[in-house]
Every structure is written in C-alpha cells, then in structure tokens.
Amino acid sequence: MNNRTIWPHIVTTEELKNITAGGDSFIRTKNNEVKGLALNYDLNPNAPYVVLYGTTPRRIQLASLFAQSQVAVPVYIKQKVNQWQFAGLFKVREHITDPMLVPQYCNTRPVSTVAGVLLLENVVMPAVMEECEPMFPDPATRKAIEMAAVDFVIHHLEAQGYRVEDLQAAKVGYDIRALKDNRQLLVEVKGTDSPQPRFYLTRNERKCSESYADWRLFVVSQARVMPMLHQYTPAQMWEAFNADPVSWECCLK
C-alpha cells in the first residue's frame, strides 16, 4: 500500500471488502496488518478525524494494533445502504484511553459503549476537485457554498428526528437551533468546496463556543460536489484545528 495508489471514491460494500481485505469490523486487517477502516457516522459522528471504539476485547485489540502500527490506510465512510465514500489515507496521531478524557470525544454516543479514542491525521485527501476555492471567494460563490452546507445539515438533523430552527439571519453565534426530546444543539455551520475542512470563525461565534456547552460546529466539506459532514464540540474543534488571525480590528487608542 502506498500514497500513490488511486483509491476509488465511491464503492459498494462488496467492493469495500476487496479493498480492505474483507471482514466486517470497522478496522479491517489481514495477517495481523491493518488494511483499511470502514466507519459509520452513527457510531463515529466525527469520523474520520475522531474514531471511537467499543469495549469488546476484539475492538480494543484492533484499535491498539492500528495505533501501534503507525501505518496510513484508506478510510471509507458509509453514506447510505451499500455505498461507501473514500475520505483519504489516515494514520493514528494519538490514542486516548484515559477515562477522564474519553467522554469529551463521545458526542452523541453513550460513554459506556466507548473504551477509547483514536485521533487520526490525514496523509492524503481524496482528489475530488483540481483546486480549492480561493481564500476569499466572491460573494456569489460564498453564498452558494453556504446554502449548500446549511441545506445539507438541516436535512441531516431532520433525518435524525430533530426539529430545526434556522437562525442565520439573527447573527447569534450559531446558525441552527436543533431540538429533540430534552436535547438541544446550537449548530454553527461552515461550508467549503475543499475536501479538507477549512473555515473562518467570527468573534461572536468563538464567544458562543466558549459560553454554551451545547454549541456545535458542523463543517460540510465538498459542499457543492459530494457533501461530507464533520462534527465538533468546542473542545474537539480546538483540538483538531489551528486558528490563525487573518485580520485585526484597529481602533484609536
């Protein structure tokens, strides 16, 4: 396996077995070597950068094998029945088993079902477009990307049973309030045409991320091509991204 291999972008379940050496585990192995990952957003809502694994001895063994091997493998994420999408080549950056740290990565998954966390880093992202959008796209392009991302997130939340309130126009530091039973999510949506998550955070959005425990960041990469959702709590956002200022507001002293 090498970084120059051309990995098919969309595959069936059967094709995925051929690519990742078969089996039905989320970490696919052959001859005790990790050959690929097959992830599901239901169990890993922040895939592919954050991978949670269960409490059975087999899952713990596979996670430890992957972490120790330091190999980069193809990661595929389930999009719907019999359809998996290539997310890139990833390797383990950090293996977390501390019971005090694991809960902050669990998102909507019950903590009792999680033995540990694998934080992954990409080695090669899928070549979906020839180039990413410019640093500051023109207003029409920005709006189109934003609308595609918000629409995708709304449909995603509604499919999970949330009642969605669109608050984009209110400029409150998040775009969507999502309600389900007694659970509330304050969701800030970011979109990009790039296959790799990238976004700009306003001062108000950052303030909300620091003030509300139920604030969430949803980044939709490839928003207008083949949307892929990346979800983060505030802690996960600062763990995953570097934040570099691109401008300063200057007022008279």
Side-chain angles (χ1 to χ4, degrees), residues 41-42 44-50 77 79 103-109 129 132-252:
Y41 283 131
D42 291 340
N44 282 287
N46 294 319
Y49 294 95
V50 179
I77 302 178
Q79 302 300 306
Q104 68 178 285
Y105 295 94
C106 288
N107 202 302
T108 57
R109 183 166 167 180
M129 303 182 65
C132 303
E133 71 268 17
M135 180 173 288
F136 293 102
D138 64 85
T141 300
R142 288 202 306 269
K143 187 64 176 177
I145 294 171
E146 177 185 347
M147 289 178 61
V150 171
D151 287 347
F152 183 79
V153 169
I154 288 176
H155 288 135
H156 170 79
L157 290 169
E158 289 179 338
Q160 292 189 338
Y162 284 93
R163 180 167 56 86
V164 174
E165 182 181 2
D166 189 340
L167 297 174
Q168 294 179 82
K171 304 295 184 183
V172 292
Y174 49 89
D175 296 313
I176 292 169
R177 180 187 289 120
L179 302 172
K180 180 181 179 182
D181 300 326
N182 295 322
R183 177 176 172 78
Q184 172 181 263
L185 295 178
L186 306 178
V187 181
E188 173 60 31
V189 181
K190 300 294 184 181
T192 175
D193 274 349
S194 169
Q196 185 167 355
R198 182 185 182 206
F199 58 92
Y200 297 95
L201 198 70
T202 68
R203 179 163 43 191
N204 193 32
E205 291 161 358
R206 176 167 184 164
K207 183 178 179 180
C208 283
S209 75
E210 296 169 344
S211 302
Y212 299 109
D214 44 11
W215 187 93
R216 296 291 184 271
L217 172 68
F218 282 22
V219 183
V220 183
S221 58
Q222 303 168 193
R224 297 185 297 169
V225 182
M226 190 171 293
M228 179 179 291
L229 182 60
H230 312 265
Q231 304 178 41
Y232 306 90
T233 65
Q236 291 165 352
M237 176 178 69
W238 296 120
E239 173 72 23
F241 294 95
N242 291 318
D244 296 316
V246 295
S247 64
W248 287 261
E249 180 181 6
C250 300
C251 303
L252 288 175

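The nearest pair of heavy atoms linking Y105 to Q236 is CA-NE2, 2.9 Å. Smallest separation of non-hydrogen atoms from T108 and P45: OG1-CG, 4.3 Å. Annotation for E205 and Y200: closest pair OE1-O, 3.9 Å, computed over non-hydrogen atoms. Minimum heavy-atom separation, Y232 to P197: OH-CG, 4.1 Å. Across all their heavy atoms, R224 and A148 have their closest contact at CG-CB, 3.9 Å. Nearest heavy-atom pair across A178 and L157 is CB-CD1, 4.0 Å.
Taking 4.5 Å as the limit, every side-chain heavy atom of R198 sits out of range of all side-chain heavy atoms of S221. Counting heavy atoms from C-beta on, the side chains of W238 and R206 come closer than 4.5 Å. With a 4.5 Å cut-off on side-chain heavy atoms, M237 and L201 count as touching. Looking only at side-chain heavy atoms (C-beta outward), Q104 and E239 stay at 4.5 Å or farther from each other. Contact of the L217 side chain with the F199 side chain is registered, since non-hydrogen atoms from C-beta on lie closer than 4.5 Å.
The line from CG of L229 to CD of Q79 is 10.0 Å long, rounded to the nearest 0.5 Å. Between T202 atom OG1 and K207 atom NZ the span is 11.5 Å, to the nearest 0.5 Å. How far OG1 of T233 is from CG of L185: 11.5 Å, rounded to the nearest 0.5 Å. With rounding to the nearest 0.5 Å, the separation of CD in E146 from OG1 in T192 is 13.0 Å. For the atom pair D166 CG and I176 CD1, the distance stands at 6.0 Å (nearest 0.5 Å).
A salt bridge links E188 to K190: at least one charged side-chain nitrogen sits closer than 4.0 Å to a carboxylate oxygen.
Between F218 and H156, the ring planes are perpendicular. Angles over 60° get that label, and only those under 30° would be called parallel.
Each of R177, Q184, R183 was evaluated against Y162; a single residue qualifies, R183, per the side chain to side chain donor-acceptor pair (under 3.5 Å) test. Considering V189, V164, V219 in turn, V189 is the only one that fulfils the side-chain contact (heavy atoms from CB on, under 4.5 Å) rule with V153.
For the 3.5 Å distance criterion, the side chains of R216 and Y174 fail to qualify, holding no donor opposite an acceptor.
No donor-acceptor distance shorter than 3.5 angstrom exists from the side chain of E165 to the backbone of R163, with no hydrogens or angles considered. Put simply, the side chain of N204 gets close to the backbone of K171: a donor and an acceptor are under 3.5 Å apart.
For Y212, the OH atom counts as loosely surrounded, since its 6.0 Å shell holds 12 or fewer non-hydrogen atoms of other residues, nucleotides or ligands.
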